[in-house]
Amino acid sequence: MKVFSGLDEFAAAVGSEVGPTEWMEITQDRVNLFADATDDHQWIHVDPEKAAGGPFGGTIAHGLLTLSLLPHFTHQLYRVDNIAMAINYGYNKVRFITPVKVGASVRARARIDDVAKLDGAAQATVTVTVEIDGAAKPAAVAESIVRFIG
């Protein structure tokens with residue numbers, strides 16, 4: 001994990017990359033819990049027998065499950081000290097590039113794209129890429145907006 005002593009040091013890191021994180025296995029239990037939490041029980045996610053004959057050869061994680069792991073990964077990637085709090089402000093764009101099969105492992109890396117000073121705060125744009133172990137293309141790429149409150 002990269003630790004920044006404050007917003008000035010974080011702003012000076014624009015253009016740099018952090019990571020990668022540790023690998024995380026995507027289990028069927030995690031996918032099922034996400035399906036329950038979101039009421040998205042599509043068979044490609046929760047029915048291993050039917051999904052075995054489907055387009056992905058087995059169950060896959062929801063794209064939004066992959067996206068929901070970004071806070072977990074971000075906490076492994078970097079920390080900005082000497083601030084009151086950091087808030088997920090949203091996303092400019094998100095792309096789900098490669099399906100994550102159940103049993104695969106994923107990890108993330110990030111690039112600090114921009115840090116804009118605001119009154120008593122700063123807003124950062126950070127591009128996070130979620131990789132799949134052994135895959136040529138990433139699972140997802142998201143342009144995350146984070147507000148840091150001084």
Side-chain angles (χ1 to χ4, degrees), residues 1-4 7 10 13-81 83-116 118 121-150:
M1 171 195 301
K2 173 70 177 161
V3 178
F4 298 95
L7 290 175
F10 187 67
V14 167
S16 66
E17 294 195 6
V18 292
T21 65
E22 298 292 321
W23 290 106
M24 170 192 279
E25 182 182 356
I26 301 301
T27 64
Q28 188 64 57
D29 284 343
R30 182 180 295 272
V31 171
N32 292 345
L33 286 168
F34 190 83
D36 289 343
T38 60
D39 286 329
D40 182 354
H41 294 94
Q42 188 176 174
W43 62 270
I44 61 173
H45 305 303
V46 299
D47 189 339
E49 289 179 21
K50 186 173 181 179
F56 307 109
T59 49
I60 61 169
H62 305 71
L64 291 176
L65 168 55
T66 304
L67 183 64
S68 75
L69 294 174
L70 265 55
H72 166 77
F73 286 138
T74 299
H75 290 299
Q76 290 183 31
L77 290 169
Y78 69 89
R79 183 179 81 225
V80 179
D81 286 344
I83 60 169
M85 71 177 100
I87 299 169
N88 176 0
Y89 193 68
Y91 298 91
N92 283 339
K93 58 183 167 181
V94 176
R95 299 293 180 263
F96 302 115
I97 299 163
T98 304
V100 178
K101 293 182 179 181
V102 168
S105 292
V106 295
R107 69 179 180 185
R109 63 180 69 243
R111 183 183 66 244
I112 303 165
D113 294 321
D114 185 56
V115 178
L118 306 171
Q123 181 167 294
T125 303
V126 179
T127 299
V128 182
T129 301
V130 179
E131 305 170 338
I132 307 169
D133 192 16
K137 295 183 180 178
V141 178
E143 193 176 86
S144 173
I145 309 301
V146 182
R147 279 257 170 114
F148 296 98
I149 311 300

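Worth knowing before you read on, the calculation uses all heavy atoms, side chains too, and leaves out hydrogens, waters and symmetry mates.
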Across all chains, not counting sequence neighbours, the side-chain hydrogen bond (donor to acceptor under 3.5 Å, both in side chains) partners of Asn92 are Glu143
Atom pairs and distances, donor-acceptor, side-chain atoms in residues 130-139, under 3.5 Å, two or more places apart:
{"unit_1": "Glu131", "atom_1": "OE1", "unit_2": "Arg107", "atom_2": "NE", "d": "2.8"}
{"unit_1": "Glu131", "atom_1": "OE1", "unit_2": "Arg107", "atom_2": "NH2", "d": "3.4"}
{"unit_1": "Glu131", "atom_1": "OE2", "unit_2": "Arg109", "atom_2": "NE", "d": "2.5"}

Sequence neighbours excluded - salt bridge (charged side-chain N to carboxylate O under 4.0 Å, His left out) pairs with any residue from residues 22-35:
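Sorted result for residues 22-35: empty, none.
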I need the full list of salt bridge (charged side-chain N to carboxylate O under 4.0 Å, His left out) pairs touching residues 92-105, with sequence neighbours left out, sorted by first then second residue.
none
Side chain proximity check, [X] to [Y], heavy atoms < 4.5 angstrom:
{"X": "Met1", "Y": "Gln76", "result": "no"}
{"X": "Tyr78", "Y": "Val126", "result": "yes"}
{"X": "Asp36", "Y": "His41", "result": "yes"}
{"X": "Phe34", "Y": "Ile26", "result": "no"}
{"X": "Leu7", "Y": "Val115", "result": "no"}

To the closest 0.5 Å, what do you measure between CD (Gln123) and CG (Asp114)?
8.5 Å
With sequence neighbours excluded, residues passing side chain to side chain contact (heavy atoms under 4.5 Å, CB included) with Tyr91
Leu67, Leu70, Asn88, Val94, Ala142, Ser144
Please give me the minimum heavy-atom distance between [X] and [Y], naming the atom from each residue.
{"X": "Val141", "Y": "Thr127", "result": "CG1-CG2, 3.7 Å"}
{"X": "Val46", "Y": "Ala35", "result": "CG1-CB, 3.6 Å"}
{"X": "Ala124", "Y": "Phe148", "result": "CB-CE1, 3.7 Å"}
{"X": "His45", "Y": "Val31", "result": "O-CG1, 3.2 Å"}

Which is it for Val146 and Phe10 under the side chain to side chain contact (heavy atoms under 4.5 Å, CB included) test, yes or no, and what are the steps along the way?
CA-CA 12 Å; Val146 182; Phe10 187 67; over 6 Å; no
Taking only distance into account, with no hydrogens and no angle test, what donor-acceptor pairs under 3.5 Å do side-chain atoms of residues 48-66 form with protein atoms, sequence neighbours excluded?
{"unit_1": "Thr59", "atom_1": "OG1", "unit_2": "Gln28", "atom_2": "OE1", "d": "2.6"}
{"unit_1": "His62", "atom_1": "NE2", "unit_2": "Asp40", "atom_2": "O", "d": "2.9"}

